[in-house]
Amino acid sequence: MRSEPVPPSRFGLGQSVRRVEDQRFLTGHGRFVDDFQFAGQVHAQVLRSPHAHAEIRGIDVTAATELSGVVAVLTGDELAADGIAVIPPGATAQNRDGSDMFVPPRPALAQGRVRHVGEPVAVVVAESIEIARDATELIEVDYETLPAVTDTGSAMDPGAPQLYEGAPRNQCLDWEKGDRAATEAAFAAAAHVSSLELVNSRVVVNPVEPRACIGLWDADGGSFTLYNSGQAAHNVARTLATAVFQLPMERLRVISPDVGGGFGTKNFIYPEQVLVLWAARRLGRPVRWTAQRTEGFLSDTQGRDHVMRAELALDGDGRFLALRIVTTANIGAYVSTFGAMIPTNPVAVVLGGTYDIPAVHYHVREVLTNTVPVDAYRGAGRPEAAYAIERLVDLAAAELGLDPVALRRRNFIRPKAMPYKTAMGSVLDCGEFARVLDRALGQADAAGFAARRAESERRGRLRGLGVASYFEATLGPPNERSAVRFEEDGTVTILVGTMSNGQGHETTYAQILHQRLGLPFEAIRFVQGDTGAIPSGFGHGGSRSMQIGGNALLLAADLIEEKAKRIAAHHFEAQEADIELASGACRVVGTDLAVDLMDLAKIARDPSRLPEGMAPGLDAAGDYAREATTFPNGAHIAEVEIEPETGVVHLRAYHVVDDFGTVLNPMITMGQVHGGVAQGIGQALMEHTVYEGETGQLLSGSFMDYCVPRADDMPTLEVAFEAVPTKTNALGVKGCGEAGCIGALPAVINAVVDALKPLGIRHIDMPATPERVWRAIRAATSGD
Amino acid sequence: MGGYLRPGAVQDALEALDRRGLTIVSGGTDFYPARVGQPLDDDILDISGLAELRGITETDSHHVIGAITTWTDVIRASLPPYFDGLKLAAREVGGLQIQNAGTVCGNICNASPAADGVPPLLALDARVELSSRNGVRSLPLTEFIIGNRKTARRPDELVTGLTIPKPANPAMSGFLKLGARRYLVISIVMVAGVLERAPDGTVAAARLAVGSCSEVARRMLGLERVLAGRPIGPELGSAAMEEHVELLAPIDDVRGTAEYRQEAALTLVRRLLRALGSAP
């Protein structure tokens, strides 16, 4: 029997339990890929293209091969000779005419042509990383450079350089969703149309731990092991095994240990993963690779990069009639794992936001350019949708002389309209958008804004208040299995197919199990990210982990309770109906007969102590399939002050009220919001990805020029939760990981534009750097 | 790896320099970033062991900043108010770790157009002390930095310190910087100034300098002449006119266009003058 039962409230759901993993991270005991060392290991360095677009006329590796300590120098020729297949996309889409999209082949090493600066051309494997680096400099590549195109808006221009014969005008997908005719009709009948060209700017993701992988080959078993700093062990294993190396999936194990941030970027299949495995098999030695920061800038998938024409039709009463969006999405030089999918449904699913809009049409053309491939980045499609509608609503309010908050209120989907089906087909089960916004307005003291603006004016500053009502949908694969294993040493292990890469899952999953079964919190262990230990999994992405993995864990707990009660009934020779589970023990109702779950797990191992025919063991696995998409939503309010002389934007206050449904751990959730908002603020004000037009060089290729926000760039982020729990899953959760990044873009830019509105400025693109703001002010005030 | 020498006495360093050209390193905060991905094959003279060159000393007429004095040393030193601008600049050089390692003299020897230390030192009328086996010479900072990453130092010379004259009148100073963010990023424009107050409350002398807007940071001599004799007050800001910043020649780059830099420079000069004029 357990001596000291833990009060359930302390580690239960709804409690801000401190992250158990932080002890490890903060004391240097985390184990990241680069911390794993193997006997006989060798080091890989990738030679990358210095050109954005070029023919490779020849590669001379003689001098590199001869360097002492070099084990192998491999190029695209060897890759082809060994029959290593191209890296396929994980998802594609169909064109409007029903034909398949164009997907260019993506070999792990360039074959014949390079299409972006940073593309892998050769790999050197050597006894030390220093030797490998020296050797890459000895490789002579004869390039014939070609004209490059990097700009999204002009990639389809008739004269633009072409990347592929199969993609005329560089277009690889032409996709639409929604009722075009109904939308056109609504626009034709509208009293007012607000229209905006806007750019959802490209960002470099920059997780603090760079990408890293180690390839191992077991010649006897004919199987690979890949250590990978990743977010989706099973998907990486499946694709590399079955598509690239043409092996059964069980012959490629992927282990993702502690991961220092991913934000989507580490979900994907990358050339370096192929290279370390392939080299390990050729050489019979472990091969390791860790990106340098510069390599991250030149080869980690980047985010966003949409150019949109967004239009909103309103009637004479300011009611929204229709929304029309035409997007050009730059997906880079190749189709990354989910790169082609992100600009399609993940945008469409939330298009129209929190508003009742009868007709919506979305048309997106994806273009291939001489840039690093673009793929899912925190929010992945939903920030693009939220930014478009929230900018349009503010613009419409300005054009019609309406209060932007009043215009939002007039058009919100009403709680009594739930369940509500949007024009894009999404079914909302709940959401109280006006209530959430009202709370945020109170929290931000919106009523006092006029006085604060007047005070700023006296100091020669322009002050603006930006409101955004963001609307998200949890996405990602709909299935997950979570398992619970009772260990011989008295601990309990949770095994999940989701993948924490900083979200605190070790803590939150343990809270769920502790709350549900009363197992001691300290006895709960956590395993993720290992295809050898976990039979199936779908990893991280789409703010899905608690909704899918968390509910799967509840199902596992249901099975444990059911079996534990049967064993306890047998044990006490009682009726099963008389057994109750409370505080981690099964007890015969109305007696002092009780047996702890941990003890029941021991009993369960002994077939002689079980009912006839019962399989031994108390372990269980729950399989959950998403019953309905959930829709996290909320209000962000940013307040800025602008120096008109320099264009410098000071973010003075930032308020968030989120409806995430049930909040499992408020502290961790708040941390997720803080991080997301910081990334959103970074994109909105600072992070500027600049490719030089003619050469396709990434000019903002280091932290010297690519400006990520730091703590001193942030105001205090005031975050509150206004929960409207969903009934579509047992936990009542809606998902929280991406939300901060979704609300922040429109809130910040709406605030900047609100400050500049008195000068007649109607829009400014991200990032609103001092120079951009200054130019906008100057153009507005010089009378041009 | 080339040769490496770390003498403990200035004389030894000068003798080594007299024999052959050496790359002089102290904190190394500019040296290493300039060689990322390249072999370290320079022959190094590491002067970080020349303890006699560390710190700020005072004579009747001058302050002397020794060659290996770090930014942190400057921040922590007890100095008169006309050093405030240099201290403010010191706080914005990289982060704390860079301030602990990087030196003021290294900053001027590196001669980057965006060197944080140069505008405040120009405003302080600093002179550079160059020592060699053949003796010591002293150059005004304006003659020491002669171009983008070019100085007047001969290969046999070591910068042993900076001398800063004491102003004839009570003086105050300031420093303003505009960058994509405040710290750990290269500035777009920076402005430093020293204002001397005559007994009658007018400007006895003004020295202003703008960095990041030309190959070498520039003194605003025309504006300084205009300011002399004017009553000290916030309206000093309006003395700065477009013509005064015309001597700047900023470049276009990913951080900002020339046009923006030119305009921002004037704005910052005005702000600095307003602030200095309003100071108690």
Side-chain angles (χ1 to χ4, degrees), chain A residues 45 47-48 50 129-131 133-134 136-137 292-295 459-460 643-651 681-682 685-693 697-714 767-779 781-782, chain B residues 1 29-30 33-41 91-92 94-96 98 112 114 176-191 212 234 237-238 240 242 245 250-275 278:
Chain A
Q45 173 78 11
L47 177 70
R48 298 180 184 279
I129 188 62
E130 291 77 15
I131 295 170
R133 283 178 191 151
D134 286 349
T136 55
E137 291 180 13
Q292 295 176 282
R293 184 58 63 184
T294 303
E295 288 185 286
R459 287 183 288 111
E643 300 177 11
E645 309 90 353
T646 60
V648 171
V649 176
H650 299 276
L651 198 47
I681 289 171
L685 294 178
M686 306 167 93
E687 300 186 32
H688 198 191
T689 309
V690 185
Y691 281 95
E692 191 175 53
Q697 296 291 331
L698 179 63
L699 297 179
S700 53
S702 82
F703 286 137
M704 293 286 273
D705 291 309
Y706 188 83
C707 188
V708 295
R710 287 161 48 87
D712 65 324
D713 298 309
M714 294 287 124
T769 59
E771 171 150 4
R772 273 211 179 141
V773 173
W774 172 79
R775 282 195 179 280
I777 292 170
R778 209 182 47 156
T781 50
S782 66
Chain B
M1 181 86 191
T29 55
D30 283 313
R35 284 160 181 78
V36 171
Q38 295 169 29
L40 289 175
D41 53 6
R91 285 178 200 281
E92 299 200 6
L96 276 182
I98 296 292
S112 157
L176 292 174
K177 175 168 163 176
L178 182 69
R181 66 172 173 240
R182 200 155 157 226
Y183 299 99
L184 286 176
V185 75
I186 293 178
S187 55
I188 296 169
V189 182
M190 55 193 154
V191 176
S212 278
S238 47
E242 266 174 46
V245 294
I251 56 162
D252 287 320
D253 69 10
V254 63
R255 297 169 199 127
T257 60
E259 199 183 2
Y260 177 58
R261 286 190 156 103
Q262 189 90 16
E263 174 99 6
L266 179 59
T267 300
L268 259 62
V269 168
R270 285 178 174 157
R271 280 188 189 168
L272 183 70
L273 288 172
R274 208 180 308 135
S278 316

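Quick caveat: nothing in here was measured; it's all calculated off a predicted structure. Per chain, numbering begins at 1; letters A, B, ... match sequence-line order.
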Fill in: Under 4.5 Å from any heavy atom of chain A - which part of B:Leu266
neither
Worksheet item: Is there side-chain contact between A:Arg778 and B:Tyr260, with heavy atoms separated by less than 4.5 Å?
Response: no
Discussion item. Go through it in stages, so that I can follow the logic: the residues are A:Glu643 and B:Thr267, the test is side-chain contact (heavy atoms from CB on, under 4.5 Å), and I'd like the CA-CA distance, side-chain angles, deciding distance and then a yes or no.
Written reply: CA-CA 10 Å; A:Glu643 300 177 11; B:Thr267 300; over 6 Å; no
Item to complete: Answer yes when A:Glu645 and B:Arg271 have at least one side-chain N-carboxylate O distance shorter than 4.0 Å, and no when they do not.
Response: yes
Worksheet item: Which of the residues A:His688, A:Glu137, A:Arg775 is involved in the greatest number of heavy-atom pairs with chain B at under 4.5 angstrom?
Response: A:Arg775
Discussion item. Restricting to ring pair (Phe, Tyr, Trp, His ring centres under 6.0 Å), what partner residues turn up for A:Tyr691, sequence neighbours left out?
Written reply: none
Discussion item. What verdict does the side-chain contact (heavy atoms from CB on, under 4.5 Å) test give for B:Leu268 and A:Thr646, after you've listed the backbone C-alpha separation in whole Å, the side-chain angles of each residue and the deciding distance to 0.1 Å?
Written reply: CA-CA 9 Å; B:Leu268 259 62; A:Thr646 60; 4.1 Å; yes
Practice prompt. Output the distance between atom CG (B:Asp253) and atom CG (A:Asp705), rounded to the nearest 0.5 Å.
Written response: 7.0 Å
Discussion item. What's the separation between atom CD in B:Glu259 and atom CD in A:Glu771, rounded to the nearest 0.5 Å?
Written reply: 7.5 Å
Discussion item. Suppose we screen for side chain to side chain contact (heavy atoms under 4.5 Å, CB included). Which residues come up paired with A:Pro644, at least two apart in sequence or across chains?
Written reply: A:Leu462, A:Ile777
